[in-house]
Amino acid sequence: MFSFANTFFHLLLSCSAPLLAVAQEAGTMVSACPTTKMEVERLPDLNVPRIGHSVFCVNGEVVAAGGHTNGFVPTNTAEYFSGGEWHLMTMTYPHDQSIAVTTSSGEVLLAGGHEKELGIGQTFTIELYDPVAHRFRGYGCLEKKRCFANTLPMDSGHIVISGNWYQDDAIELYDGSRQNKLVKPVAQHRSLPYILRTSRDNAIVFSDHDYHGERFDTIIIDRLKGAPFTVPLFETWRPFGSQVGVRGNTGFIGDETKDEYVSLIRISRGDSVMAIARVEGEEFSLLPTTVPLPMRSQWGRIDWFSYVVADRLAGKAYLVGYGEDAQDHRLYVLAIDYSSVPAAITLLYSEPQDVVGRYQPVLTDDGELMLVGGIEAHNNNYDTSSTVLLLHVGTKEAASSRALSWLWLLAAALLATIVASIALLRHRHKPVADETTAPPVAGDSAVINLELMGRICRYMEEQQPYLNSELKVQDVADALHTNRTYISNSIRNLRSCSFTQFVNGYRVEHAKQLLSRNSGLKLSEVWTASGFSSESSFFRAFKTVTGTTPMDWMADK
């Protein structure tokens, strides 16, 4: 019965998803978007107000690098957030409206940007940021002068670069050498393009704007390998483009280890309809959602100013906006639960804010969003912001979930106690002859859990399966000749955590041993050797287990 109901539900869902997408496109869905209040924390201000800077999270720290400050003057300063304050650093070059991407070595590559104040010109410059030593060093040269470009790391470790401003564009490749290599010309000269991976060795490049900021009549998509093409979706919808800058592919939701290359991008039709496009390989489609994406709140129209930011660990993606009406000074976050079909939509809103810097948000290792600097008024590059705001979109939800889990555990324990007591009373009133056939009491399952938990721990310690980044519950069940339900239940009941959290605990301990014994190891080597599938999952797990970042932990040793 359950199997039939489950199959029927999935069949109904698969049939209704296209209808939901059509209804969303037509704007006919009338269901109100669920709303909830969001806490916004004011963090210490930047030392230097800035916009046009690169913001990224590396080594567990948020970094703001370069850009220009008040008066539209480029600044060759950067700062990282640690210990509750911003620490100022000096860069080799200003990198105003440049690109920034984490390389396979764990360093951050920064390249290009305006040549002069007032946003004039482009540059060839490249430098590398060492997040452990907190140092910048000039490194090499772009193939073309660039600003308003974008970049994307490939599985090979090479980095694709494209996009420009008032200068011809082309696709070039960084392979670790000091001189980039030109790959091919482009069908359209673009500014701030999207660059999305479509396979292990291929990517696509496209934008809504040309290199003068004018919209294309027809959007042509370039391939890293292959001929340009167009997609039907862009005949009626336009990809979001903004001068707040896109860094890399923040909307990636796929899994490279499984050859799944999927991204979410924001699209719009006119000024009143917004949606999310799902790009899988080279296939573009509308993401079905439970309700249309809201353009207004009860206080007025919302100015959605960010690109999609995906948190793959949480299975959620976010857009950030601000109250467009003069009397509305609230921040908004659109939370998209893309792990469900159709994707569940929730509108988060804050209390009115005294000051807000509008800029592309960065996802922290704690699963929160941080707004760092930016502009306080539209298109004002002369008065920049030093404001830093932390938008709590993940911590509270996770805390509530943990609290609910504990309530369930307590309820289960209470129920087990009641069942055991009833069984004991019945046992006392039965004749002695019945004792040999009496059913096992609830306590027997606890004994089974303890025995299995011991086997799981011995297997982890002796065989170290956690060093495999693709380890699954079924793998452990197969090794111990049991089933995955027993494994999960034992860990949940006796360790009060999920299988992933349990395994990550072993990975963090392994990483700590590597850091203690080999101080010269790069962090990228540490998390890879410890079984983590990504840098972000490593830093988040490390902080969850130890309460600090890997760098701070090493400093305290």
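Values in this document were obtained by computation on a predicted structure and should not be read as measured data. Counting begins at 1 with the first residue of the sequence.
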TODO: Tell me, with the steps shown, if Phe539 and Trp527 meet ring pair (Phe, Tyr, Trp, His ring centres under 6.0 Å).
DONE: CA-CA 9 Å; Phe539 283 112; Trp527 64 258; 8.5 Å; no
Taking all atoms of both residues into account, what is the closest heavy-atom pair of [X] and [Y], and its distance?
X	Y	answer
Gly163	Pro193	CA-CD, 3.7 Å
Val62	Val372	CG1-CG2, 4.2 Å
Glu368	Val393	OE1-N, 2.8 Å
Ala111	Ser98	O-CB, 3.0 Å
Phe252	Val262	CD1-O, 3.3 Å
Ala310	Ile253	CB-CG2, 3.7 Å

Quick check: does any side chain N or O of [X] sit under 3.5 Å from a backbone N or O of [Y], one acting as donor and the other as acceptor?
X	Y	answer
His53	Gln97	no
Ser537	Ser534	yes
Asp311	Lys316	no
Lys472	Glu470	yes
Glu525	Lys522	yes
Trp304	Pro294	yes
Arg238	Ile267	no
Arg278	Phe284	no
Arg50	Gly66	yes
Ser530	Phe532	no

Open item on the list: How about OH on Tyr459, more than 12 heavy atoms from neighbouring residues, nucleotides or ligands closer than 6.0 Å, or not?
Closed with: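 It does: Tyr459 OH has more than 12 such atoms within range.
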Task: Glu283, CD: over 12 other non-hydrogen atoms inside 6.0 angstrom - done: no
Checking side-chain polar atoms at under 3.5 Å, does [X] have a donor or acceptor matched by the opposite partner on [Y]?
X	Y	result
Asp552	Thr549	yes
His134	Glu61	yes
Tyr261	Asn249	no
Glu324	Tyr322	no
Thr387	Ser385	yes
Ser297	Tyr332	yes
Ser498	Thr500	no
Thr257	Asp255	yes

- [ ] Take Arg312 and Glu260 through the test salt bridge (Lys or Arg N to Asp or Glu O under 4.0 Å) and record every step on the way to the result.
- [x] CA-CA 13 Å; Arg312 287 193 288 170; Glu260 296 174 354; over 6 Å; no
If I take atom [atom1] from residue [X] and atom [atom2] from residue [Y], how far apart are they, to the nearest 0.5 angstrom?
X	Y	atom1	atom2	value
Thr346	Met38	OG1	CE	12.5 Å
Leu152	His158	CG	NE2	13.5 Å
Ile375	Ile51	CD1	CD1	4.5 Å
Arg540	Asp366	CZ	CG	7.5 Å
Asp328	Ile302	CG	CD1	8.0 Å
Asp201	Asp155	CG	CG	9.0 Å

Heavy-atom check, side chain of [X] versus side chain of [Y], under 4.5 Å:
X	Y	value
Val355	Arg42	yes
Leu43	Met370	yes
Ile456	Phe502	yes
Glu79	Met89	no
Leu521	Leu515	no
Leu369	Leu363	yes
Gln360	Thr250	yes
Val308	Leu319	yes

Task: Verdict with reasoning, Ile491 to Ile487, per side-chain contact (heavy atoms from CB on, under 4.5 Å) - done: CA-CA 6 Å; Ile491 293 173; Ile487 298 289; 4.1 Å; yes
Between [X] and [Y], is the ring centre distance below 6.0 Å?
X	Y	result
His87	Phe81	no
Tyr194	Phe206	yes
Tyr307	Phe240	yes

Task: Leu334 vs Tyr318, side-chain contact (heavy atoms from CB on, under 4.5 Å): CA-CA, chis, key distance, verdict - done: CA-CA 5 Å; Leu334 197 62; Tyr318 304 101; over 6 Å; no
- [ ] Report the C-alpha distance between Met460 and Val503 in whole Å, list the side-chain angles of each, state the deciding distance to 0.1 Å, and finish with yes or no for side-chain contact (heavy atoms from CB on, under 4.5 Å).
- [x] CA-CA 8 Å; Met460 288 289 173; Val503 172; 4.0 Å; yes
Task: Lys543 vs Asp365, salt bridge (Lys or Arg N to Asp or Glu O under 4.0 Å): CA-CA, chis, key distance, verdict - done: CA-CA 8 Å; Lys543 191 167 185 180; Asp365 281 349; over 6 Å; no
TODO: Would you sort out whether Arg200 and Glu256 count as a salt bridge (Lys or Arg N to Asp or Glu O under 4.0 Å), showing the intermediate values?
DONE: CA-CA 8 Å; Arg200 285 188 176 274; Glu256 309 95 320; over 6 Å; no
Open item on the list: Both conditions, 6.0 Å and 45 degrees, for the charged tip of Arg507 above the ring of Phe538: are they met here?
Closed with: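 Judged by the rule, Arg507 and Phe538 form no cation-pi pair.
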- [ ] Let me see the working for Phe542 and Lys512 under side-chain contact (heavy atoms from CB on, under 4.5 Å), right down to the final yes or no.
- [x] CA-CA 9 Å; Phe542 197 98; Lys512 287 164 62 178; 3.8 Å; yes
TODO: Using the test side chain to side chain contact (heavy atoms under 4.5 Å, CB included), find all partners of Ser104 that sit at least two apart in sequence or belong to another chain.
DONE: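 Testing Ser104 for side chain to side chain contact (heavy atoms under 4.5 Å, CB included), a comparison that skips the adjacent residues, returns none.
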